[in-house]
There are 2 protein chains.
Amino acid sequence: MARVGIREVASLADVSLGTVSHYLNHPDRVSEEKARRIADAIEQLGFVRNNAGRQLRLGQSSTIAYIVPDVSNPFFATIAEGVEQRATEAGLAVFIANSSRDRAREDAYLELFEEHGVRGMLVASPRPIEDRLAGARSRGTPSVLVGQRSSSPAQPSVSIDDVSGGYLAAKHLIEGGCRRLAFIGGPLAIRQVGDRLQGASNAVREAPGVTLEVIDVADRIIAEGHAVAEGLVARSAGQRPDGVFAVNDLLAIGIAQTLVTSGVRVPDDIALVGYDDIEYAENALVPISSVRPPHEDFGVAAVDLLLAVVSGDPPAETQVVFTPELRVRASSRRETQPA
Amino acid sequence: MARVGIREVASLADVSLGTVSHYLNHPDRVSEEKARRIADAIEQLGFVRNNAGRQLRLGQSSTIAYIVPDVSNPFFATIAEGVEQRATEAGLAVFIANSSRDRAREDAYLELFEEHGVRGMLVASPRPIEDRLAGARSRGTPSVLVGQRSSSPAQPSVSIDDVSGGYLAAKHLIEGGCRRLAFIGGPLAIRQVGDRLQGASNAVREAPGVTLEVIDVADRIIAEGHAVAEGLVARSAGQRPDGVFAVNDLLAIGIAQTLVTSGVRVPDDIALVGYDDIEYAENALVPISSVRPPHEDFGVAAVDLLLAVVSGDPPAETQVVFTPELRVRASSRRETQPA
DNA sequence: TTGAAAGCGCTAACAG
DNA sequence: CTGTTAGCGCTTTCAA
């Protein structure tokens, strides 16, 4: 089945190849008569424009990339909706790539999108990746770092203030009467994780007598939450923390699940706060208190920023930082304050 | 910033353009000496292969597309993991596109991927879309329908047996003592929805005296579950169903949430079963019983099927159908069976 | 309004 | 092992 091209269309419609191209790109500049013949030929032949040829000639595509570490994390999925919507408005298509939290795969997609000449990339990554993005930028593919504040204004980013988010969470636990806090998350080298811990630590420092334990985990997913909580349950009651701040909701959901089914009361025995406020946090076994970034605005802001940069008109502030709020729910709402 | 091409690399490395291409595509056929010079030049210039040129010349890409109606539905995200993994093993990259349950957008992406000359497409769609896919196939882009059984063997598909899934769910509710079932889902014209209802209806027909109410909804998301459940709560207790089968877990999660917070006991007053068995069903406010497709195998099977078709070696059975199981959890587990 | 022609960057066939 | 060369399909001057 020989792929049909513009040439076949032209010959069937009995016009020149150039006219078909005109029809495709400037329909108004083609006579009605020929336009109809061309349309018929396209229909009849099932012609589909070859993007490779088009893009080679044009020198640019009308696509942006959105690279996420984990599509099954609803936090990124929610953002994707905003991205999709705004990009569509701007006449851009979005290709989403899933790096599966794998560095090699992430690199491969970065490279692939560069080769594809996308207009720009939105990149969510748990890793330090600015050098890599700086490279891409120098070669003509700009990007916006999503969910992680960039360290230089040269690299646009859209993020939330994780230090204040962490502070909010820990402060709330302390005010609820918790004295032995545990921070569950990791690896600590991840910027978002480190910042949230820093914020929690700040709150603890302000509260004499309150301690902060750190429980490091490799993946921030529900299954890890189960595992960590099992460890907690295995301790004697006196050794357990009375307030847990999980670095994201996936962990928190897993933790809540295991604690509750093991007979540990939440929030009475252990109060729990998560982060991201994904839709499922509210609907979890125990509705989970969570630090909420403005999901609705996140994707939109990222695309807007990218578009501005692409159009060579970078805004004064390339590092957009949203301030998170705390949504208090049953997992940390104590009726009676312990002494 | 003039985009650097193979030509610049060649001239800096002081070799011919063809040698650079050889280096890129058959590194073994280039002398070590020149290979190093070329590598240096690439490094120094920050050369990135232009995919448009490459693909134009090769006539094919090494990418497959995965089009989903809703990235934020964990059902598709879970499948995506299997897809990604298998595709990577086969040396293929996966571009995910989110149609946002919008027909126009879905069409646009289908068209876009055809233009891009992807090797093949995995398409999950709530709509009848086989004609569209047949068109793409005839033009050289094969596809696998995901989550919906195709009506012709000419169109490969990977799906689960929704009729038996629906039967399983309703049968279980009836055996738990439910007499007034409600099926919540829609639009009924959607194949998956219709089949699940059919299965439920089959089970009801076998049980004299049991009734089946249908509550039609437009979107199968958590928020809709909230809305529907509010309607249920507003009814007098005698008018409410005592068993609810939600066409997917998102709806079920929303329903459970609203029922419980409104004081309706689940499963005692209303037993509830969902569908898809997404991770959050198990962790929901009331752990939700759910009909479970084999997530792990789904994406893998879809890619394998696509690869087989692409390679012109279609297997005997192009319509893969998995049989679902029922996972019983608290939302439908009744201690005492009513008379 | 239409057509002819040049060339985007790359690969592979071929000749050396 | 290396270089030369002919397009892949398309868009867009430019001239008619």
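Just so it is clear, the structure is predicted and the values come from calculations on it, not from any experiment. Naming convention: chains lettered A, B, ... in sequence-line order (proteins, then strands); numbering from 1 in each chain.
Checked by atom type and distance alone, the side chain of Arg37(A) pairs as donor or acceptor with a backbone atom of Asp14(A) at under 3.5 Å. In this structure, the side chain of Thr63(B) does not engage the main chain of Val118(B) through any donor-acceptor pair within 3.5 Å. The closest donor-acceptor contact from the side chain of Tyr23(A) to the backbone of Arg29(A) lies at 3.5 Å or more, if one exists at all.
Mapping Gly18(A) and Val20(B) onto DNA chain C by nearest heavy atom places Gly18(A) at the nucleotide closer to the 5' end. Each of Arg57(A) and His22(A) was assigned the nucleotide of DNA chain C with the nearest heavy atom; the assignment lying further toward the 5' end belongs to His22(A). Position along DNA chain D of the nearest nucleotide to Thr19(B) versus Asn25(A) favours Thr19(B) as the more 5'-ward residue.
Atoms CD (Glu33(B)) and P (dG3(D)) sit 11 Å apart, rounded to a whole Å. For the pair Arg37(A) CZ and dT2(C) P, the computed distance is 9 Å after rounding to whole Å. Counting to the nearest Å, the C1' atom of dT2(D) and the CG atom of Asp14(B) are 12 Å from each other. Rounded to whole angstrom, the span from the CZ atom of Arg7(A) across to the C1' atom of dT11(D) amounts to 14 Å. The OH atom of Tyr23(B) sits 13 Å away from the P atom of dT2(D) (whole-angstrom rounding). The separation between Ile6(B) atom CD1 and dG3(D) atom P is 13 Å, rounded to whole Å. If you measure from atom CG of Leu58(A) to atom P of dC8(C), you get 14 Å, rounded to the nearest angstrom. Rounded to whole Å, the distance from CD1 on Ile42(A) to P on dC10(D) is 10 Å.
At a cut-off of 3.5 Å, with distance as the only test, no side-chain donor of Gln85(A) or Glu81(A) sits close to an acceptor on the other residue. Counting only N and O atoms by type, the side chains of Ser100(A) and Arg105(A) include a donor and acceptor under 3.5 Å apart. Side chains of Ser150(B) and Glu130(B): a donor-acceptor N/O pair is absent below 3.5 angstrom, by distance only. Under the 3.5 Å distance criterion, with hydrogens and angles disregarded, no donor-acceptor pair is assigned to the side chains of Arg101(A) and Asn73(A). Side chains of Gln55(A) and Asn51(A): a donor-acceptor N/O pair is present below 3.5 angstrom, by distance only.
Contact annotation: His26(A) does not reach the phosphate of dT1(C) (side-chain N/O to OP1 or OP2, under 4.0 Å). Not one side-chain nitrogen or oxygen of Ser31(A) sits closer than 4.0 Å to the OP1 or OP2 atom of dT1(C). Close to dG9(D), at under 4.0 Å from its OP1 or OP2, lies no side-chain N or O of Arg54(A).
Heavy atoms of Gly5(B) sit under 4.0 angstrom from primed sugar atoms or phosphate atoms, though from no base atom. Looking at heavy-atom distances under 4.0 Å, Phe47(A) makes contact with sugar-phosphate atoms alone, never a base. If you check every strand for non-hydrogen atoms under 4.0 Å, Ser21(A) touches a base.
When the nucleotides dT11(C), dT2(C), dG9(C) are ranked by their closest atom to the side chain of Val30(A), dT2(C) comes out on top. Comparing atom distances between the Arg49(B) side chain and each of dT11(C), dT4(D), dC10(D) picks out dT11(C) as nearest.
When the local axes at the two ends of the helix from dT1(C)-dA16(D) to dG16(C)-dC1(D) are compared, using 5 base pairs at each end, they differ in direction by 30° after rounding to 10°.
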